[in-house]
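Below is one structure, written out as structure tokens; comments come after it.
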Amino acid sequence: GAPAAASSLVDFVSSALHDQHQPLLIGIGPLTNLADAFQLNATALCQSDFWIMGGAWNVPGNIDDEDFLPSHAPVLKNVVSEWNMFADPESAKTVSQMATLVHAVGLDACVHMMDANHSALNVDMLARKLRSAAERRSRAWRPAWFVAEVLQRRPQDSLMNLRYDPLTISVFLRQEQFHMSEICTQVLTAPTSLAGRTMPIPASSGACSKFKVTNAVDPTRYGNI
């Protein structure tokens, strides 16, 4: 059904999980609404292909305390969590425990993409490719011109913004071109200094949730995608 017919995002997702045989879900933010929807339809989650942008396994987190902690709270440094997980760790834990497997594109992939070869993801080259593609196609490709302009006017900002959500969608579309590892993980919910941490744990642990983590990115291949 159309999203407008649902009374809320939670209702819509729950309905989609019920209607689709093998639904595909991609979460690119905190998992609050998805966790609520899965509580209503837990069986369907096990049958879905579930992807998230989130987590930090072998790299530092990206939390800025001043942005995320309440003004009245003590200053607790969180240097281990990725923002989406930190924003609602309870929901992240709920989803990870209910899902059979979570595909995760987190900070590990983002950091690797930037560190492997900072100049390999050539923003100017991407802009030229977009312009060339737009010239060969119909007027429907006008957005490509806009994106090319943005890339060329602010190349450093564009390079940073090509991580996270765009990278997550690219990994989903071309899974065979990225290196992934299954990691048994526990999502911590407290204290604040550890909330949202995706902590690798032994597979024999009863608290283990399975994540298939993208941990290596070839910048050149990503640029081509």
Side-chain angles (χ1 to χ4, degrees), residues 9-10 12-59 61 80-113 163-189 194-218 221-222 225:
L9 178 59
V10 172
F12 171 64
V13 173
S14 179
S15 175
L17 285 169
H18 182 269
D19 294 340
Q20 300 296 320
H21 174 59
Q22 287 184 312
L24 165 65
L25 297 170
I26 303 178
I28 56 175
L31 301 177
T32 307
N33 290 317
L34 291 178
D36 290 344
F38 295 150
Q39 296 277 21
L40 297 177
N41 200 334
T43 303
L45 175 59
C46 298
Q47 302 172 346
S48 64
D49 193 3
F50 188 59
W51 290 73
I52 66 167
M53 192 284 117
W57 280 262
N58 297 301
V59 298
V80 295
S81 302
E82 180 273 332
W83 188 88
N84 286 338
M85 294 293 189
F86 177 83
D88 189 349
E90 292 285 354
S91 290
K93 183 175 182 178
T94 295
V95 170
S96 67
Q97 289 178 334
M98 295 174 67
T100 304
L101 177 67
V102 178
H103 296 79
V105 180
L107 292 183
D108 300 61
C110 297
V111 169
H112 183 270
M113 186 192 81
R163 301 179 298 171
Y164 306 124
D165 302 350
L167 179 58
T168 300
I169 301 302
S170 297
V171 174
F172 162 69
L173 291 173
R174 296 288 188 274
Q175 300 172 38
E176 70 282 357
Q177 296 194 26
F178 296 87
H179 185 268
M180 303 179 185
S181 300
E182 281 198 19
I183 302 177
C184 286
T185 301
Q186 182 178 14
V187 180
L188 303 184
T189 58
L194 296 176
R197 181 184 180 188
T198 44
M199 184 174 70
I201 58 175
S204 57
S205 171
C208 175
S209 297
K210 286 188 178 180
F211 283 77
K212 193 168 186 178
V213 179
T214 302
N215 47 29
V217 176
D218 183 320
R221 287 185 177 179
Y222 176 44
I225 294 171

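Just so you know, residue 1 is the first one in the sequence shown, and it goes up from there.
- Residues forming a side chain to side chain contact (heavy atoms under 4.5 Å, CB included) with A195 (at least two apart in sequence, or on another chain): F86, P89.
- Remark: V171 engages W51, V105, L167, F178, M180, T214 in a side chain to side chain contact (heavy atoms under 4.5 Å, CB included) (not counting sequence neighbours).
- Contact detail for C208 and P202: the closest heavy-atom pair is CB-O, 4.3 Å.
- Residues forming a side chain to side chain contact (heavy atoms under 4.5 Å, CB included) with S96 (at least two apart in sequence, or on another chain): V187, S209, F211.
- Listed by chain and number, the residues in a side chain to side chain contact (heavy atoms under 4.5 Å, CB included) with D165 are I28, M53 (sequence neighbours excluded).
- Contact check for I52 versus M85: side-chain heavy atoms found under the 4.5 Å cut-off.
- Closest of all the heavy-atom pairs between S81 and G196 is OG-C, 3.3 Å.
- For the side-chain hydrogen bond (donor to acceptor under 3.5 Å, both in side chains) test, no residue two or more places apart in sequence or in another chain qualifies with T198.
- Annotation: side-chain hydrogen bond (donor to acceptor under 3.5 Å, both in side chains) contacts of T168 (sequence neighbours excluded): none.
- For residues 180-189, every residue pair satisfying the side-chain hydrogen bond (donor to acceptor under 3.5 Å, both in side chains) rule, not counting sequence neighbours, is listed here: W57-T185, S181-N215.
- By the side-chain hydrogen bond (donor to acceptor under 3.5 Å, both in side chains) test, D88 pairs with T32, S91, sequence neighbours left out.
- With hydrogens and angles disregarded, no donor-acceptor distance shorter than 3.5 Å links the side chain of Q97 to the backbone of T94.
- With contacts defined as side-chain heavy-atom distances shorter than 4.5 Å, the pair L107/Y164 qualifies.
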